[in-house]
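In what follows, a structure is listed as structure tokens, so that the remarks can point back to it.
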Amino acid sequence: MRLSLSLSTPHSSFLRFTTLSPTPPMASGSNSLVWFRKGIRIHDNPALEYAAKGSSYLYPVFVIDPRYMEPDPTAFSPGSARAGVNRIRFLLESLADLDSSLRKLGSRLLVAKGEPGEVLFRCLKEWDIKRLCFEYDTEPYYQALDIKVKNYASAAGIEVFSPVSHTLFNPADIIQKFPSLSDDMYGSFDETSEKNSGRPPSSYQSFLKIAGQPSWASSPLSTTVSLLPPVGIVENCGISNVPTLQELGYEDSGQDELTPFRGGESEALKRLRGAMDDKEWVAKFEKPKGDPSAFLRPATTVLSPYLKDVQKNVKSHTLPPVSLLGQLLWRDFFYTAAFGTPNFDRMNGNRICKQMEFLRKLFGQTSFIRVLLHFEKISSTNTNIRIEELAHVAPCDIVFQWNKRSQTTKITHLAMASWDSSQIPWNVDDELLAAWRDARTGFPWIDAIMVQLQKWGWMHHLARHCVACFLTRGDLFVHWEKGRDVFERLLIDSDWAINNGNWLWLSCSSFFYQYNRIYSPISFGKKYDPNGDYIRHFLPILKDMPKEYIYEPWTAPLSIQTKAKCIIGKDYPKPVVSHDTASKECKNKLAEAYELNKTRNGAVNEEDLKILRRKFEENQSQEPKSKRLKNKS
DNA sequence: CTGCCGTTGGGATA
DNA sequence: TATCCCAACGGCAG
């Protein structure tokens, strides 16, 4: 049984589910359009099924949206402004596969190009469409777009069917069920919505409690369409076949190693069946135990119906959160959080995200600029000023610390006095970001993962954790939004809700807060792959480095470096930071930011401020000096 | 308010 | 490989 959305209410987030009537009324001779977006598949696709039912002509459409697909030569890697070429290739392969599946059913895929709303309006009109079907989408971009489309359709008297079929649950449903604690504390979720007291669960456990057993666990497998109505006459809408990369204006990148993953439903089903046949593997699956350096382990794309049977038939299986079923529920967890959180993909205006900006507004770049000068008091009137390290100059307030015993004054903090409030709070160092992005941090484990991302568009989950932690709270303290953008562009399995959710998680901005647990860019990979085979594969420049040094090649004696034909600082970069000192700095910064977030929305009074300052001064004066190793060869 | 727990930390020890 | 300690967060149940 499938669920359909009633479209009578304007508040899409809280639409009620209604059961689909088995034989929908349909005037004979009417045309339907099914609009493909995320779910590029023919199986388990209620929008397609409904569109096919009783229609004399069916138009299956995919719109190539310039927002995602327009070539952008100024981007840091080949592709459009938002999507790398791997992602675009993957999408085109998926479309080609869909087209081939549709053709087997007597139909074909119609590819149009342009702003999706405008394209659709034209098609609906030109082809005299009476019924429009597309999968419901919770992403803000589609939420806004779909409202426009639905409004147009209802004004034109077109029936719209937009089922929730991308997730196991309807996120709005979960949010409604979740008890609201105190609306005053958090503000209402959406002011335009009348009865909207619910907020998404903030922990996985509380999510599970609400979600319970997914309904599909007891429902039969979805039927597959065996024949589709023909495509009618296609005119005036710029329809083409599925284009190639070249036809879209992308040049042959000439990359030496392409992603081994092919796009398309057929490939996904093949991979799924292969995995599901191994019942032992499914039952014993434990997420954290995977080996992030085992790069030939396939990424499994999972469709729910197949999982169900295996889950039932094997007695001792693992449980959520680490089980395979648990992974699907995690997906829904992030979808729910993303749907129920305004500005989920930003720090500013995101109520579940730690606001590091208060740190900056009050203290400036405390950790990175501190101990610039030494003041030595010679007499009551004269002072010696010695510059020790001058990293940055900006208009600032100076915080002194007087040491009685040594009779010296030390500058411990520089608080930006004229700091722009729109300034982003995390590090805005583009050089550090570029080093991370372009795989030249000098940490082979990190760089190898980033090369795999560039080439394959996929890395192991824990490998993603390592590089995300390293970029943000672990070492470089670069804003998680910057890393999010890079992942979104390069990952072929990139997904708005899950990607943003995980960056919030890994940066300790939301969901997860144990900021002292930092992945070591040296020892974490070593634990799984002591020989460094993974590094040797993706960073061939290091292939002859002895395993004793391959995770820390800068510690290798010059003779070893020479023998390995890899001089550090010349053939491969020195580390951009010292992990030991940088990670301590990061912990301090997080501690400060958390402390400031505790006080009501950053409304700190002057007394609190003094206490906090003293606290951090004591804490930081014991810490080692900030170190940014220069990486000039 | 307290104590327990949290999909995946590091390091030492046995 | 398993267990303990480190240090010490927020969410949640009692």
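Residue numbers begin at 1 in each chain, while the letters A, B, ... track the order of the sequences. No experiment lies behind these values; they were computed from the predicted model shown.
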Only counting residues at least two apart or in another chain, list the ones meeting salt bridge (charged side-chain N to carboxylate O under 4.0 Å, His left out) with A/Glu488. none
Residues 508-518 of chain A, side-chain donor-acceptor partners within the protein, below 3.5 Å, at least two apart:
unit_1   : atom_1 : unit_2   : atom_2 : d
A/Ser509 : OG     : A/Ser507 : OG     : 2.8
A/Ser510 : OG     : A/Ile352 : O      : 2.8
A/Tyr513 : OH     : A/Phe511 : N      : 3.2

At 4.0 Å (heavy atoms only), tell me whether A/Phe524 reaches a base, stays on the sugar-phosphate, or touches nothing. sugar-phosphate
Just the rounded figure in Å: distance from C1' of B/dT7 to CG of A/Leu208. 11 Å
Taking only N/O atoms, report every protein-nucleotides 11-14 of chain B pair under 3.5 Å with atom names and distance.
unit_1 : atom_1 : unit_2   : atom_2 : d
B/dG11 : OP2    : A/Ser523 : OG     : 2.9

Measure CH2/A/Trp505 against C1'/C/dC9 and give the value in whole Å, please. 13 Å
Which nucleotide, C/dA7, C/dG10, B/dT7, lies nearest any side-chain atom of A/Trp330? B/dT7
Which nucleotide wins on minimum distance to the side chain of A/Asn516, given the candidates C/dC9, C/dA7, B/dT7? C/dA7
With rounding to the closest Å, how many angstrom separate the C1' atoms on B/dG6 and C/dA7? 15 Å
Centroid-to-centroid, A/Trp505 to A/Trp480, below 6.0 Å? no
When rounded to the nearest Å, what value does the distance between C1' atoms of C/dA8 and B/dC4 take? 14 Å
At under 4.0 Å between heavy atoms, what does A/Lys526 touch on the DNA or RNA strands: base, sugar-phosphate, or nothing? nothing
In this structure, how many angstroms lie between the C1' atom of B/dG10 and the CG atom of A/Asp475, rounded? 14 Å
If you only use heavy atoms from C-beta on, which nucleotide in B/dT7, C/dA13, B/dG9 is closest to the side chain of A/Tyr519? B/dG9
Which of these nucleotides, C/dA13, C/dG11, B/dT8, is closest to any side-chain atom of A/His461? B/dT8
Quick one: label A/Lys587 by what it contacts on the DNA or RNA (base, sugar-phosphate, nothing), any heavy atom closer than 4.0 Å. nothing
Considering residues at least two apart in sequence or located in another chain, which fulfil the ring pair (Phe, Tyr, Trp, His ring centres under 6.0 Å) criterion with A/Tyr551? none
Minimum-distance nucleotide to A/His465 side chain [options: C/dG10, B/dT7, B/dT8]: B/dT8
Proximity to the side chain of A/Gln205 - top-ranked nucleotide from B/dT7, C/dA13, C/dA7: B/dT7
Go through the steps for A/Leu490 and A/Gln454 under the test side chain to side chain contact (heavy atoms under 4.5 Å, CB included), then give the verdict. CA-CA 6 Å; A/Leu490 296 178; A/Gln454 291 269 0; 4.0 Å; yes
So, do A/His465 and A/Phe524 have ring centers that fall under 6.0 Å from each other? no
DNA chain C stem ranges, 3 or more consecutive Watson-Crick or G-U pairs under 3.5 angstrom: B:1-6 with C:9-14, B:9-14 with C:1-6
According to a strict under-4.0 Å criterion, is A/Ser203 in side-chain N/O contact with OP1 or OP2 of B/dG6? no
Is A/Tyr204 stacked against the base of B/dT7, taking the criterion as centroid distance under 5.5 angstrom and interplanar angle under 30°? no
Rounded to whole Å, the NZ-C1' distance (A/Lys354 to C/dC9) equals 8 Å
According to ring pair (Phe, Tyr, Trp, His ring centres under 6.0 Å), who are the partners of A/Phe443, at least two apart in sequence or on a separate chain? A/Phe470, A/Trp554
Between A/Tyr534 and A/Phe538, is the ring centre distance below 6.0 Å? yes
Side chain of A/Tyr594: nearest nucleotide among C/dG10, B/dG10, B/dT8? C/dG10
Rounded to whole angstroms, how far apart are CD on A/Gln514 and C1' on C/dA8? 8 Å
Length of the line joining A/Leu329:CG and B/dG6:P, which is rounded to integer Å: 16 Å
Mind checking what makes side-chain hydrogen bond (donor to acceptor under 3.5 Å, both in side chains) contact with A/Ser520, not counting sequence neighbours? A/Ser523
My understanding is that only residues two or more places apart in sequence, or in another chain, count here; which of them pass side-chain hydrogen bond (donor to acceptor under 3.5 Å, both in side chains) with A/His579? A/Asp475
Using whole Å, report how far OH of A/Tyr513 lies from C1' of B/dT8. 18 Å
For C/dG11, does either OP1 or OP2 sit under 4.0 Å from a side-chain N or O belonging to A/Ser206? no
Mind calculating the distance between CG (A/Leu590) and C1' (B/dG9) to the nearest angstrom? 15 Å
Can you sort out the partners of A/Arg484 under side-chain hydrogen bond (donor to acceptor under 3.5 Å, both in side chains), two or more places apart, ordered by chain and number? A/Asn500
